[in-house]
Amino acid sequence: MRVLVTGGAGFIGSHFVRRLVAQGDEVVVLDKLTYAGNRANLAGLEHEFHQGDIADPVAVAQAAKGCAAIVNFAAESHVDRSILGPAEFITTDVLGTQVLLTHARDRGLRFVQVSTDEVYGDIPLGASPSTEDAPIRASSPYSASKAGGDLQVLAYVRTFGVNASITRGANTYGSHQFPEKLLPLFITNALDGLQLPVYGDGKQRREWLHAEDHCAGVELVLREGEPGGVYNVSGQERENMDVVRGILDHTGASPDLVRHVEDRPGHDRRYAVDSSKLRALGWSPSHSFGSGGLADTVAWYRENRDWWEPLKSDEYKAYYAEQYASRLDES
Ligand code: NAD
Ligand code: TYD
């Protein structure tokens with residue numbers, strides 16, 4: 001099948017391209033190459049590349065020529081950046097999704113929206129994991145924009161009969177992740193002996209899902225998901241401080257690098273999702289966070305400094321200062 005993978009130069013999108021190429025699918029990538037997009041992620045993978053914006057109907061039409069399906073990974077994806085500047089999130093995550101859906105409708109293409117467990121908002125400790133019919137209670141500008149994209153998908157299914165499905169994945173980890181989210185930021189900082197800024201008490205909880213397992217779920221939904229179907233993709237739940245301790249263990253960095261800093265506004269305490277629906281289609285994860293997943297990821301960053309060091313550019317340093325300077329000065 002010829003598939004348009006939007007955001008294919010990003011973290012999870014590039015893992016998805018690797019997976020499809022290995023299976024012999026024909027892959028076209030449409031990516032704007034924002035700070036998070038990196039063509040090096042696609043090195044050695046046979047694909048057709050278009051640099052462009054999913055919110056631009058002309059770029060979408062050009063890239064989608066001959067494709068039978070669109071899988072939409074393109075997004076502004078980092079909560080902290082959405083707090084500093086929410087507007088771009090609406091343009092890409094809501095308007096961009098709507099432009100892609102319109103193309104899928106007009107050309108009769110299969111469509112998969114790669115969404116997030118964050119649209120359910122946080123759930124109390126001890127509460128059952130969210131199922132797909134849980135209410136949307138987004139907390140951050142990021143999760144609100146992803147929820148807006150999801151609602152567009154469901155509206156296009158119902159109103160126009162578009163053959164679209166949604167995946168809602170947990171916090172994803174693995175190689176090739178831009179060093180701004182918890183895992184790659186703390187791993188690269190620990191390898192460089194830099195401070196590790198833990199927001200608040202560090203007792204927040206997330207589920208950790210390997211990028212390859214996440215992509216296996218998205219592919220299954222692409223091939224077998226129902227129109228209008230929503231599918232959670234779960235990970236393994238951990239408290240943030242447990243994750244930080246694991247990073248210290250695997251990097252050998254000093255616990256003295258840990259700083260408890262001013263919390264993120266609106267910070268969700270816990271995400272957890274029920275993936276029974278996807279498991280019923282045949283999905284099960286093949287990586288374990290505790291036995292191997294985190295260790296392998298740390299090893300990848302240790303061995304691939306030439307991948308991440310150039311990403312800590314002047315633009316990155318400006319973002320880092322805006323996000324962390326006052327927090328780290330205070331501690
Ligand atoms: P990422 O930030 O690493 O990559 C996003 C990619 O999209 C980049 O290559 C970027 O250049 C591209 N992009 C951004 N705006 C674009 C636009 N307007 N047009 C075309 N391309 C554009 O993100 P990621 O972590 O790989 O996440 C991929 C998808 O998975 C996102 O939709 C995200 O919401 C979702 N998701 C991520 C996680 C996670 O933990 N990272 C978890 C669940 C769901
Ligand atoms: P993050 O990787 O940004 O993912 P999300 O907020 O989308 O779940 O953050 C994961 C958890 O780690 C979250 O509880 C916030 C916390 N965190 C820190 O404590 N310090 C940091 O510098 C970052 C980026 C995240």
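Atoms within each ligand, like the ligands themselves, are counted from 1 in listed order. Side chains included, hydrogens not; waters and symmetry mates left out as well; all remaining heavy atoms used.
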Which residue and non-hydrogen atom of the protein lie closest to [atom], and at what distance in Å?
| atom | value |
| --- | --- |
| atom 15 (N) of ligand 1 | Thr92 CG2, 3.5 Å |
| atom 40 (O) of ligand 1 | Thr172 N, 2.9 Å |
| atom 43 (C) of ligand 1 | Gly169 O, 3.3 Å |
| atom 30 (O) of ligand 1 | Val114 CG1, 3.5 Å |
| atom 15 (C) of ligand 2 | His267 NE2, 3.3 Å |
| atom 21 (N) of ligand 1 | Lys32 N, 3.0 Å |
| atom 6 (O) of ligand 2 | Arg264 NH1, 2.4 Å |
| atom 11 (O) of ligand 1 | Asp31 OD1, 2.6 Å |
| atom 16 (C) of ligand 2 | Asn240 ND2, 3.5 Å |
| atom 3 (O) of ligand 1 | Phe11 N, 3.1 Å |

Note to self: Can a side-chain donor-acceptor contact be found between Asn163 and Arg110 if the only test is distance below 3.5 angstrom?
What the structure shows: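 Yes, side-chain donor-acceptor contact under 3.5 Å.
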
Below 3.5 angstrom, do we get any N/O pair linking [X] and ligand 1?
| X | value |
| --- | --- |
| Asn72 | no |
| Phe73 | yes |
| Tyr142 | yes |
| Asp53 | yes |
| Tyr35 | no |
| Thr34 | yes |
| Ile54 | yes |

For [atom], which candidate among [options] holds the nearest heavy atom?
| atom | options | result |
| --- | --- | --- |
| atom 18 (C) of ligand 2 | Tyr271, Tyr324, Tyr199, Trp208 | Tyr199 |
| atom 4 (O) of ligand 1 | Gly10, Ala9, Ala170 | Gly10 |
| atom 5 (C) of ligand 1 | Ala75, Gly7, Ser77 | Ala75 |
| atom 5 (P) of ligand 2 | Lys181, Gln204, Glu118 | Glu118 |
| atom 20 (N) of ligand 2 | Ser77, Ser140, Pro197 | Pro197 |
| atom 26 (O) of ligand 1 | Thr116, Ile12, Leu100 | Ile12 |

Taking heavy atoms and a distance under 4.0 Å, where does [X] meet ligand 1: side chain, backbone, both or neither?
| X | answer |
| --- | --- |
| Ser115 | backbone |
| Lys146 | side chain |
| Asp93 | neither |

Next item on the list: Quick one: look at Leu182 and ligand 2, take heavy-atom pairs under 4.0 Å, and tell me if it's side chain, backbone, both or neither.
Entry: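 Both of them.
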
Check: Does Asp213 use its side chain to pair, donor to acceptor, with the backbone of His287 at less than 3.5 Å?
Finding: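 Judged by distance alone, yes, a pair lies under 3.5 Å.
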
Check: Between the main-chain N or O of Tyr142 and the side-chain N or O of Ser82, is there a donor-acceptor pair closer than 3.5 Å?
Finding: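 Here the side-chain-to-backbone pair exists.
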
Margin query: Check for me whether the distance between the ring centres of Phe11 and Phe178 falls short of 6.0 Å.
Written below: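 No, the ring of Phe11 stays outside the 6.0 Å limit from the ring of Phe178, centre to centre.
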
Note to self: Please confirm whether the ring centroid of His210 lies under 6.0 Å from the ring centroid of Tyr173.
What the structure shows: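 So the answer is yes for these two rings.
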
Short list, please: which atoms of ligand 2 are under 4.0 Å from a heavy atom of [X]?
| X | value |
| --- | --- |
| Glu180 | 24 (C) |
| Asn171 | 4 (O), 5 (P), 8 (O), 10 (C) |
| His78 | 3 (O) |
| Asp80 | 24 (C) |
| Arg206 | 5 (P), 6 (O), 8 (O), 13 (C), 14 (O) |
| Leu185 | 22 (O) |
| Val198 | 19 (O) |
| Val79 | 6 (O), 7 (O) |

With a 4.0 Å cut-off on heavy atoms, does [X] reach ligand 1?
| X | answer |
| --- | --- |
| Gly52 | yes |
| His214 | yes |
| Arg168 | no |
| Asn171 | yes |

For [X], is the [atom1] atom crowded, meaning more than 12 foreign heavy atoms sit under 6.0 Å from it?
| X | atom1 | answer |
| --- | --- | --- |
| Glu315 | CD | yes |
| Asp314 | CG | no |
| Arg223 | CZ | yes |
| Arg107 | CZ | no |

Item checked: Heavy atom of Arg205, distance to ligand 2 below 4.0 Å ->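 Per 4.0 Å heavy-atom rule, Arg205 does not contact ligand 2.
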
Item checked: Electrostatic pair Glu226:Lys277 at N-O distance under 4.0 angstrom ->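 The answer is no: the pair does not qualify as a salt bridge.
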
Does the side chain of [Y] come within less than 4.5 Å of [X]'s, by heavy atoms?
| X | Y | value |
| --- | --- | --- |
| Glu118 | Val79 | yes |
| Glu212 | His15 | yes |
| Glu322 | Lys317 | no |

Checklist line | Aromatic ring pairing Phe73/Phe16, orientation class (parallel under 30°, perpendicular over 60°, tilted between) | finding: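 Phe73 vs Phe16 ring planes: tilted.
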
Hphob cluster co-occupancy, [X] + [Y], side-chain heavy atoms under 4.5 angstrom:
| X | Y | value |
| --- | --- | --- |
| Ile247 | Val261 | yes |
| Ile12 | Val114 | yes |
| Val198 | Val298 | yes |

Charged tip of [X] within 45° of [Y] ring normal and under 6.0 Å:
| X | Y | value |
| --- | --- | --- |
| Arg39 | Phe49 | yes |
| Arg105 | Phe160 | yes |
| Arg81 | Tyr35 | yes |

Item checked: Closest contact, heavy atoms only, Asp93 versus Ser145 ->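 Of all heavy-atom pairs spanning Asp93 and Ser145, the closest is OD2-OG, 2.9 Å.
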
Next item on the list: State, to 0.1 Å, how close Asn41 and Gly10 come at their nearest heavy-atom pair, and which atoms those are.
Entry: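 Scanning both residues, the minimum pair turns out to be ND2-O, 3.5 Å.
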
